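Note that the structure is predicted; figures quoted are calculated from it, not measured.
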Protein chains: 2
Amino acid sequence: MIRNLTEQDKEHLQEALIKSGQKVTPQREAVFTVLLAERDHPTVDEVFTRAREVMPGLSLATVYNCLETFVGCGLVRQVNHERESTRYCPNLAPHAHFRDKDTGRVHDIELPPEVLKSLRSILPPGFDSEVIEISFHGRAQAKDTHSN
Amino acid sequence: MIRNLTEQDKEHLQEALIKSGQKVTPQREAVFTVLLAERDHPTVDEVFTRAREVMPGLSLATVYNCLETFVGCGLVRQVNHERESTRYCPNLAPHAHFRDKDTGRVHDIELPPEVLKSLRSILPPGFDSEVIEISFHGRAQAKDTHSN
DNA sequence: TTGCGGATTAGACTCATTCTAACTGATTAG
DNA sequence: CTAATCAGTTAGAATGAGTCTAATCCGCAA
Ligand SMILES: [Mn+2]
Ligand SMILES: [Mn+2]
Ligand SMILES: [Zn+2]
Ligand SMILES: [Zn+2]
């Protein structure tokens, strides 16, 4: 089920695109809508399949382009695990990822500021990190059906 | 410069291979030697190129096979950053990786037990993690030429 | 209207990795 | 001694996520 964007989400999208000198297009709205609808870290192909339900003419190339654009404006993060297909995450809060060995599903794990700080503290002087990626791999009790 | 394996490293290799029911072969020794010689997280192609200097008939397929075998017996870890080629690391101590934006080099960052523990503590109940990957991306002052 | 420039599109291409099938060489069985 | 076995090695083909290219599309402004 693909819900429409809330006014707030639409503004978020517009602001980020325009701020970085790019246009709001129906394709970008559709792709962004898909990302926000189920926050389950879909792959490009999953985004493609879902977005096509609502915009059948959409091309795979455009999905790649839209997602790259979103990453560029900081609207979404890429999530990689080993060499699997890249997944996309619209959660902008600092968080880690947990990949369930059994289901393949990726869950968001909240990252408290003090843990983030203790992580930064392990860097020796002279090392200045802009990005930190934390990913867990293991088993999660399937408590529910959602994914974050 | 590719040094030979120390007696200790040789025993380490033999023990791990035999324990998991596999054989010690000249190719595996050569590849392992390369990994220990410069602990700079080489890609498969880099391992291939270096190992060929000492064993010219070695094939790329075998390098892939050897590295997969080593990962299987816990002799080395795979290191991935985004979708770049997989790199290999023989450092078995818990550590994070720092990828230098400018040089592309990957540095080992020691991971103190208390930081590891604080990281594990962010997992909600029911989440059981076997592997944690931590990677930093940023700039490092080029203090020296080695990589860990 | 026409022109411009960003966006979209289909399809070709890349290249790290995986797969396949033939070969090697050490070990074991007769 | 042969021959069968079998893990390991090898070259090359296949795979597939991602990137590139070149042709269109389209909203806007001269
Ligand atoms: Mn869940
Ligand atoms: Mn260094
Ligand atoms: Zn996420
Ligand atoms: Zn390492």
- Interatomic distance where CZ belongs to Arg28(B) and P belongs to dT10(D) [whole Å]: 11 Å
- Message: Tell me if a side-chain donor or acceptor on Asn80(B) pairs with a main-chain N or O of Arg83(A) at a distance below 3.5 Å.
- Response: no
- Are the side chain of Arg28(B) and the backbone N or O of Lys23(B) linked by a donor-acceptor pair below 3.5 Å? yes
- Does Arg77(A) come within less than 4.0 Å of Asp108(A), counting only side-chain N to carboxylate O? no
- Side-chain donor or acceptor of Gln14(A) paired with backbone N/O of Glu11(A) under 3.5 Å: no
- Atom CG of Leu67(A) and atom P of dT8(C) are separated, to the nearest Å, by 12 Å
- Message: Please report the distance, rounded to the nearest Å, between CD1 in Ile18(A) and P in dA7(C).
- Response: 12 Å
- Measure the distance from CD on Glu29(B) to C1' on dT9(D) and round it to the nearest whole Å. 15 Å
- Shared ILVMFWY cluster between Leu35(B) and Val79(B), side chains joined below 4.5 angstrom? no
- Take atom CG of Leu17(A) and atom C1' of dG27(D), then tell me their distance rounded to the nearest Å. 16 Å
- For Ile122(B) and Pro112(A), the nearest pair of non-hydrogen atoms, with its separation, is CG2-CD, 3.7 Å
Check nucleotides 2-5 of chain C for protein N or O atoms closer than 3.5 Å to its own N or O atoms and list the pairs.
none

- Tell me, for nucleotides 9-18 of chain C in 5' to 3' order, what letter each nucleotide earns: B for a base near a protein heavy atom under 4.0 Å, S for only sugar-phosphate near one, - for neither? BB-----SBB
- Any donor and acceptor pair, going by atom type alone, linking the side chain of Arg139(A) with main-chain N or O of Asp102(A) inside 3.5 Å? no
- At under 4.0 Å, does any side-chain N or O of Gln22(A) touch on OP1 or OP2 of dG6(C)? no
- Query: Just to confirm, is there a sub-4.0 Å distance from OP1 or OP2 of dA7(D) to any side-chain nitrogen or oxygen of Thr25(B)?
  - Reply: no
- Task: Compute the centroid of each ring, for His97(A) and then for His41(A), and state whether the two points are separated by less than 6.0 Å.
- Result: yes
